[in-house]
Participant: 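Mind having a look at this structure? Questions to follow.
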Amino acid sequence: MSTIILGIESSCDDTSAAVIRDGVLLSNVIASQKVHEAYGGVVPELASRAHQQNIVPVVSEAIRQAGINKEDISAIAFTRGPGLPGSLHVGTSFAKGLALALNVPLVDVNHLHGHVLSHFIKEDDSTEVPEFPYLCLLISGGNSQIVKVNAPNDMEILGQTIDDAAGEAFDKCAKSMGLPYPGGPVIDRLAAEGDATRFKFSKPHIPGLNYSFSGLKTSFLYTLRDELKLNPNFIEENKADLAASLQKTIIDILMDKFSKAIKQSGIKTIAIGGGVSANSGVRNAVQDYADRHHIKAFIPKRLFTTDNAAMIAVAGYFKYLDGKYCDVTLPPFARVTI
Ligand code: KG4
């Protein structure tokens, strides 16, 4: 008999549900919330309300597209955290209710594990997946970590940010340029036409494998402030060069520690995951590093870089196989580490 997992993701501003059968993806439905655009960031209360509106239609559609009946589901996997508390409560409560109604096990998933294991989303049986152990650079709006993945349910953090995440550096600098939220994809597009050597921003000097992005943010803001005094049109006239130089600095910071971790660990398989791994420059830099060092790099499809339930279903599938179910009394957690 096949194992069918329904995954539910509601940690931030995307309501998503996905179905996988024996590890192979059957459907992945994502309802993105446009309501936050006007505010320059995600408004938690609005996110919770939108999840309430979306969750039933999104789950129904995922089941319909998968071509299964809800009675075929073997277990329900849901994002327990980290994320926005109100948003997490919607997905968690819905998953519990459905698991009770269908009388199937419930599996809680750490959202970050989902990103790290997103390389195991098989669109068909021919999808190539990483070998263990592999090193994953997990870069999103809330986290920047280097994770050693020994097995699906065995991960270690080798390094992480001590302040802002890489995505925050993109978003906050973009905001200071007057660009819309989220700034990362906008910077990515602008950077393609800019000169990345034009501006120099500060890079952190912290020991070990940890990251820091707050100094870069401050030096970016100071550059804008000083230049705007001389030329009020500075940002408009230099948008592309600013974006390209910012993106290059973020990539240099990321690659500096990631390459150190690869060398120190001797691991020959690397991967990236999380929203910032959609960035063209980051993807090229990681692939280029792997080619030069004759190691294997896993670069996720852009669809699987941002929040999606396919990765939650996959991470849940691995826990299900290990018999790691959770209790219906388990609360969501805003902060969960690996
Ligand atoms: O993983 P994610 O969807 O949400 C979190 O769980 O944090 O990541 C969102 C982050 C945002 O900071 C967004 O600006 C960034 O990913 N992002 C990008 C790109 N696409 C999304 N950053 C740089 N370049 C991109 N193309």
Side-chain angles (χ1 to χ4, degrees), residues 9-16 28 30-33 36-37 40-42 44 47 51 79-85 87-88 91 109-118 136-145 147 160-161 164-177 179-192 194 196 211 213 216-217 242-255 271-286 299-312 315 332-338:
E9 156 64 30
S10 74
S11 64
C12 189
D13 59 342
D14 292 308
T15 319
S16 181
N28 182 39
I30 305 172
S32 297
Q33 304 177 359
H36 310 285
E37 278 167 11
V42 177
H51 283 305
T79 303
R80 184 188 182 194
L84 300 171
S87 294
L88 290 166
V109 173
N110 178 331
H111 180 81
L112 303 179
H113 286 198
H115 279 305
V116 170
L117 296 172
S118 60
C136 184
L137 179 64
L138 168 58
I139 37 180
S140 70
N143 295 276
S144 298
Q145 297 180 335
V147 183
Q160 62 187 323
T161 184
D164 286 351
E168 277 175 286
F170 273 109
D171 295 341
K172 289 178 179 170
C173 293
K175 191 172 181 184
S176 66
M177 287 171 68
L179 299 173
Y181 176 86
V186 189
I187 297 283
D188 194 354
R189 274 196 299 279
L190 283 172
Y211 285 116
F213 289 98
L216 161 63
K217 185 184 65 189
L242 281 167
S245 305
L246 171 68
Q247 179 165 299
K248 164 96 173 40
T249 314
I250 293 176
I251 295 169
D252 287 351
I253 296 172
L254 288 172
M255 289 310 293
I272 52 175
V276 180
S277 68
N279 183 270
S280 324
V282 171
R283 297 164 81 86
N284 291 340
V286 171
I299 313 285
K301 270 192 169 178
R302 282 201 164 80
L303 171 66
F304 300 135
T305 59
T306 43
D307 294 346
N308 67 85
M311 66 181 195
I312 302 304
F333 276 125
R335 296 191 176 275
V336 184
T337 55
I338 282 179

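All of these numbers come straight from a predicted model, not from anything done at the bench. Counting convention: from 1, in listed order, for ligands and their atoms alike. No hydrogens, no waters, no symmetry mates; every other heavy atom, side chains included, goes into these values.
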Participant: Please list the nearest protein heavy atom to atom 26 (N) of ligand 1 with its residue and the distance rounded to 0.1 Å.
Facilitator: Asp188 OD2, 2.8 Å
Participant: Could you tell me, atom by atom, which parts of ligand 1 come under 4.0 Å of a heavy atom of Thr306?
Facilitator: 3 (O)
Participant: Starting from atom 24 (N) of ligand 1, what is the nearest protein heavy atom, named by residue and atom, and what distance separates them?
Facilitator: Asn279 ND2, 3.0 Å
Participant: Go through the structure and list residues passing ring pair (Phe, Tyr, Trp, His ring centres under 6.0 Å) with His51, not counting sequence neighbours.
Facilitator: none
Participant: Do Gln247 and Thr249 meet the criterion of a side-chain donor-acceptor pair at a distance under 3.5 Å?
Facilitator: no
Participant: Not counting sequence neighbours, which residues clear side-chain hydrogen bond (donor to acceptor under 3.5 Å, both in side chains) with Asp252? List them please.
Facilitator: Lys203, Lys248
Participant: Can you tell which of Asp171, Ile250, Val186 gets a heavy atom nearest to atom 13 (C) of ligand 1?
Facilitator: Asp171
Participant: May I ask you to list the atoms of ligand 1 that are less than 4.0 angstrom from any heavy atom of His111?
Facilitator: 6 (O)
Participant: As an exercise, identify every atom of ligand 1 less than 4.0 angstrom from a heavy atom of Gly167.
Facilitator: 12 (O)
Participant: Short list, please: which atoms of ligand 1 are under 4.0 Å from a heavy atom of Gly141?
Facilitator: 5 (C), 7 (O), 8 (O), 9 (C), 10 (C), 12 (O)
Participant: Can you confirm whether Lys172 is buried at NZ, in the sense that more than 12 heavy atoms of other residues, nucleotides or ligands lie under 6.0 Å from that atom?
Facilitator: yes
Participant: To the closest 0.5 Å, what do you measure between CD1 (Ile253) and CZ (Phe213)?
Facilitator: 5.0 Å
Participant: Which one of Gly275, Gly183, Gly184 has a non-hydrogen atom at the shortest distance from atom 20 (N) of ligand 1?
Facilitator: Gly275
Participant: Can you tell me if Arg189 contacts ligand 1 (heavy atom of the residue under 4.0 Å from the ligand)?
Facilitator: no
Participant: Looking at OG of Ser144 and CG of Leu138, how far apart are the two atoms once the value is rounded to the nearest 0.5 Å?
Facilitator: 7.5 Å
Participant: Counting each atom of ligand 1 from 1 as listed, which ones have a heavy atom of His115 under 4.0 Å away?
Facilitator: 1 (O)
Participant: Rounded to the nearest 0.5 Å, what separates atom OG in Ser16 from atom CD1 in Ile312?
Facilitator: 8.5 Å
Participant: What are the atoms of ligand 1, with element, lying closer than 4.0 Å to any heavy atom of Gly142?
Facilitator: 7 (O)
Participant: For Pro182, does its backbone N or O pair with a side-chain atom of Asp171 as donor and acceptor, under 3.5 Å?
Facilitator: no
